[in-house]
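Let me begin by presenting the structure, written as structure tokens, before commenting on it.
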Amino acid sequence: MTNTGNVPFVDLQTPHRELEAELVAAFKEALRTAGFIGGPSVDGFEREFADFCDAKYSVGVSSGTDALRFALTAAGVKQGDIVVTVPLTFFATTEAISQAGARPDFVDIDAATYTMSPEKLREYMETQCVLDSATGRYVNRALGKPVTAVIPVHLYGQTADMDPILEIAARYKLIVIEDACQAHGAEYFSKKENRWCKAGSMGRAAAFSFYPGKNLGALGEAGAVTTNDEVVAQKVRVLRDHGQSKKYHHEVEGYNGRLDAIQAEFLRIKLRHLAKWNQQRRESARVYGDLLRSMGDSITLPTQPSWSKCVYHLYVIRTHDREGLQKRLTGAGIGTGIHYPIPLHLLGAYGSFGWKRGDFPLSEAAADQILSLPMFAGLQVAQQQRVADVVAEFASVQSTK
Ligand SMILES: *Cc1c(COP(=O)(O)O)cnc(C)c1O
């Protein structure tokens, strides 16, 4: 009985056990038809996922990373361009930029929401870029390359502040690609549109990941691009399939980046539960808020602005002694994570790019202090109470220091 009180960081077993009969039936059907690539399962999932995101089109691909790369290329990002994003994200965001032939560059985050600061983006375009009248594009003066796109990352299940980002992008002719890999079903209240908008419906295109731990996860690797632009959708379909729009008619060089039919069918089954699962995550976030709010200044809870309906892919708190709190939770059998411990500009992979500590101080401070608590659909209040008890012990020690 040593594990009685353990709280896992995430529970991938229970939802699959509950859906086992349906998932196994889908697997048997795939064996019977042997239609493993493309076909009605992929078409059906694409239609249903586009509907879920209030987007006109969705195109299934092999991962979130490929979704980002294909979206960038299909939307018009070219070799030698600069694409701006934030340092506090998963590494795949900038990997995809480089894979699309562009150079990643950064603007800092907003301290409260952890997503792209529209003011920092504005400042970047105003102070670091100039209009090249010959091409009509804005060129980064120091790098001598055109800035053609921006990737706001909808981090931890919360969208970036899209109205001002879209406005700045329009003024400076930037393509907006949403990194919605953590935000399936998240919503943003657009004052401009005067309505709630779904993640994946606001930029020129958006990338989703169905990595198993995401709010909607495949039973393996998978992703999708959503867009309202028919031309972009068609280009992604060509890119994911070796650059062919018709068998053996290769118009461009593409990739082997398709969504497996069997994963599409698994995703259709799970998609029917996603709205309910997201609601459960929101309810768990509300419970954490009630349990943790009174613990004083040593713990900062997530901020949900009035324009956001977050889907809590992660529940991320912040504290000055992150290592201390994490150790205490680990000792009590409670799973935690850090998303992410090193801001991208300080990673070894970009050692030759010249970034240094101090370049993006808000991302750096967040990376030093954030801690992700257990969060998944089906998390029990009693489990959250256990987490809160350990956090309370930590907070009381902090307050006597
Ligand atoms: C998961 C994730 C990706 C990459 O998705 P994969 O399916 O693992 O390739 C990209 N960006 C963010 C923010 C992610 O969380």
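Counting convention: from 1, in listed order, for ligands and their atoms alike. Owing to the predicted nature of the structure, the values given are computational and were not obtained by experimental measurement.
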- request: Could you walk me through whether Arg240 and Glu46 pass salt bridge (charged side-chain N to carboxylate O under 4.0 Å, His left out), step by step?
  value: CA-CA 14 Å; Arg240 74 173 169 183; Glu46 288 178 344; 2.8 Å; yes
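Look at Glu20 and Arg17 and you find no salt bridge, because none of the NZ, NE, NH1 or NH2 atoms lies under 4.0 Å from a carboxylate O.
With distances taken over non-hydrogen atoms, the option nearest atom 3 (C) of ligand 1 out of Ala96, Cys181, Gly64 is Cys181.
Ring centroids of Tyr350 and Phe91 are separated by less than 6.0 Å, placing the two rings close together. A distance of 6.0 Å or more separates the ring centres of Tyr156 and His339.
Close N/O approach between Lys214 and ligand 1 is found [any backbone or side-chain N/O within under 3.5 Å]. For a threshold of 3.5 Å applied to N or O pairs, the pair formed by Phe210 and ligand 1 contains no separation below that value. Considering backbone and side-chain N/O of Ser209, one or more are found under 3.5 Å from N/O of ligand 1. Among the atoms of Thr65, some N or O lies under 3.5 angstrom from an N or O of ligand 1.
The protein heavy atom nearest to atom 13 (C) of ligand 1 is Asp179 OD2, 3.4 Å.
With a heavy-atom cut-off of 4.0 Å, Ser63 touches ligand 1 through backbone and side chain alike.
Checking side-chain atoms of Ser308 against main-chain N and O of Gln304 turns up no donor-acceptor pair under 3.5 Å. The backbone N or O of Leu314 sits nowhere less than 3.5 Å from a side-chain atom of Gln182 that would complete a donor-acceptor pair.
Ligand 1 places these atoms under 4.0 Å from at least one heavy atom of Thr89: 13 (C). Numbered from 1 in the order shown, with element, the atoms of ligand 1 that lie under 4.0 Å from a heavy atom of Phe90 read 2 (C), 3 (C), 12 (C), 14 (C).
A 4.5 Å side-chain heavy-atom check between Glu221 and Ser62 finds every atom pair outside the cut-off.
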